[in-house]
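Side-chain atoms are counted along with the backbone in the values below, which use heavy atoms only and exclude waters and symmetry mates.
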Amino acid sequence: MNTPAFSLCVYCGSRHGANEAFADTARQVGEWIGQHGGQLVYGGGHNGLMGIVADATLAAGGRVVGIIPRALVEREFAHKGCSELHVVETMHERKRMMAERADAFLALPGGIGTLEEFFEVWTWRQLGYHDKPVGLLNVDGYYDGLMAFMRTSTEQQFMGPWQMELIRVDADWRRLLPDLVQAGGVTPADRLDRV
């Protein structure tokens with residue numbers, strides 16, 4: 001495969017979750033990445049939504065870069081089918097490498113690990129460590145409570161409205177994915193629409 005049109009880092013659960021919409025959306029996100037000549041960068045596991053998005057990307061012709069700490073190789077069942085699988089020593093190394101390999105970031109539903117990674121790249125963005133777009137896919141209202149809390153944090157003046165403007169939140173992956181890729185500056189809208 002030629003150089004990918006874009007590289008999207010996806011954070012998501014190593015479980016499937018209770019709602020079938022989570023797995024369906026992970027599959028659709030992976031298919032979209034592959035169909036548009038993109039590359040998925042993710043945590044390297046084969047369990048849960050992580051495995052679904054990776055398998056769907058590969059099946060649709062995309063590249064998949066998995067980055068997994070040695071301690072999680074067995075627990076998250078490292079995905080041996082990745083285009084590239086990097087086994088690293090620490091979580092810090094994993095997250096740094098994922099951030100370096102991505103043009104944009106997207107969080108799907110997930111647990112504490114997904115939230116931690118999402119908040120870290122959002123924090124890095126506000127501190128100016130990167131200027132890559134950060135998205136939150138609010139599948140079936142999964143992140144409604146989190147967004148309500150973030151609004152409370154803003155109202156209580158622990159955050160400014162400008163910080164909320166640094167993330168792109170949408171319930172529809174069909175809008176959010178092109179938006180993130182185009183905001184990343186790697187694929188013009190006219191080229192993306194032709195793929």
Side-chain angles (χ1 to χ4, degrees), residues 2-12 25-26 29-30 32-44 50 53-54 57 62-68 83-84 86 88 90-110 112-139 142-143 146-147 149-151 153-154 157-195:
N2 297 334
T3 302
F6 59 88
S7 186
L8 182 63
C9 179
V10 175
Y11 305 122
C12 58
T25 301
V29 166
W32 188 92
I33 293 168
Q35 290 167 354
H36 290 84
Q39 173 174 273
L40 168 69
V41 177
Y42 86 119
M50 294 173 73
V53 72
T57 302
R63 293 190 84 252
V64 172
V65 177
I67 305 165
I68 190 166
S83 311
E84 297 176 37
H86 300 271
V88 297
T90 68
M91 286 294 287
H92 294 294
E93 192 177 354
R94 175 198 221 180
K95 292 184 293 182
R96 178 188 53 78
M97 192 172 185
M98 289 169 76
E100 288 172 351
R101 299 289 300 264
D103 300 314
F105 305 94
L106 173 67
L108 299 179
I112 192 168
T114 300
L115 292 170
E116 188 268 338
E117 291 169 321
F118 167 73
F119 277 110
E120 184 168 67
V121 294
W122 184 10
T123 301
W124 290 351
R125 176 78 194 264
Q126 73 150 1
L127 294 173
Y129 293 152
H130 73 81
D131 62 356
K132 301 173 183 180
V134 179
L136 187 69
L137 190 55
N138 190 17
V139 179
Y142 180 76
Y143 285 117
L146 176 65
M147 296 313 297
F149 171 74
M150 299 314 296
R151 286 190 293 274
S153 185
T154 303
Q157 300 179 9
F158 286 104
M159 289 176 49
W162 67 272
Q163 290 165 299
M164 291 297 292
E165 292 168 7
L166 295 177
I167 58 170
R168 297 159 190 261
V169 183
D170 204 319
D172 189 344
W173 62 268
R174 294 168 192 85
R175 285 191 302 258
L176 187 56
L177 291 176
D179 181 43
L180 287 172
V181 169
Q182 291 164 18
V186 291
T187 304
D190 62 340
R191 178 175 168 198
L192 193 60
D193 292 340
R194 286 196 311 253
V195 178

Chi angles and distances behind the side chain to side chain contact (heavy atoms under 4.5 Å, CB included) call for Val10, Thr57: CA-CA 11 Å; Val10 175; Thr57 302; over 6 Å; no
Please list every donor-acceptor pair under 3.5 Å in which a side-chain atom of residues 158-166 meets a protein atom from a residue at least two apart or in another chain.
from: Gln163; atom 1: OE1; to: Gly160; atom 2: N; distance (Å): 2.5
from: Gln163; atom 1: NE2; to: Gln126; atom 2: OE1; distance (Å): 2.3

Smallest separation among heavy atoms of Pro4 and Gly38, with atom names: CB-C, 4.2 Å
Considering all heavy atoms, the nearest Gly110-Tyr142 contact: O-OH, 2.6 Å
Rounded distance (nearest 0.5 Å) linking atom CG of Leu136 with atom CG of Leu106: 8.0 Å
Polar side-chain atom of Ser83 near backbone of Val65 as donor-acceptor pair, under 3.5 Å: no
Qualifying residues under side chain to side chain donor-acceptor pair (under 3.5 Å), relative to Asp170, sequence neighbours excluded: Arg175
Flag if over 12 foreign heavy atoms under 6.0 Å of CG, Leu127: yes
Polar side-chain atom of Tyr143 near backbone of Leu108 as donor-acceptor pair, under 3.5 Å: yes
Closest approach of Phe118 to Gly135 (non-hydrogen atoms, all atoms of both residues): CE1-O, 4.1 Å
Contact check, side chains of Glu84 and Arg63, non-hydrogen atoms, under 4.5 Å: yes
Pairwise side-chain contact, Phe6 with Ile33, heavy-atom cut-off 4.5 Å (strictly under): yes
Straight-line distance of Leu40 CG to Met50 CE, nearest 0.5 Å: 9.5 Å
Name of the residue among His130, Glu120, Lys132 meeting side-chain contact (heavy atoms from CB on, under 4.5 Å) with Arg125: His130
Test item: His86 and Glu93 side chains (from C-beta on) under 4.5 Å apart, heavy atoms: no
Heavy-atom pair with the smallest gap, counting every atom of Ala102 and Cys9: CB-CB, 3.5 Å
pair Asp103-Val181: side-chain heavy atoms closer than 4.5 Å: no
Distance in Å, Lys95 NZ paired with Glu116 CD, rounded so as to fall on 0.5 Å steps: 3.5 Å
Candidate pair Phe105 and Met98, rule side chain to side chain contact (heavy atoms under 4.5 Å, CB included), full reasoning: CA-CA 9 Å; Phe105 305 94; Met98 289 169 76; 6.0 Å; no
Side-chain heavy atoms of Leu8 within contact of Leu177, under 4.5 Å: yes
From Leu180 atom CG to Arg168 atom CZ, the distance as rounded to the nearest 0.5 Å: 6.5 Å
Nearest heavy atoms of Val169 and Ile167, plus distance in Å: CG2-CD1, 3.8 Å
Over 12 non-hydrogen atoms of neighbours within 6.0 angstrom of CZ in Phe149: no
Tyr11 vs Val121 side-chain heavy atoms within contact, under 4.5 Å: yes
Any residue meeting side chain to side chain donor-acceptor pair (under 3.5 Å) with Asn138, in chain and number order, not counting sequence neighbours: Asp144
Parallel, tilted or perpendicular: ring planes of Phe119 versus Trp122, cut at 30 and 60 degrees: parallel
Reported CG-to-CH2 distance for the pair Asp179 and Trp173, which is rounded to 0.5 angstrom: 14.5 Å
Main-chain N/O of Arg101 paired with Ser7 side-chain donor or acceptor, under 3.5 Å: yes
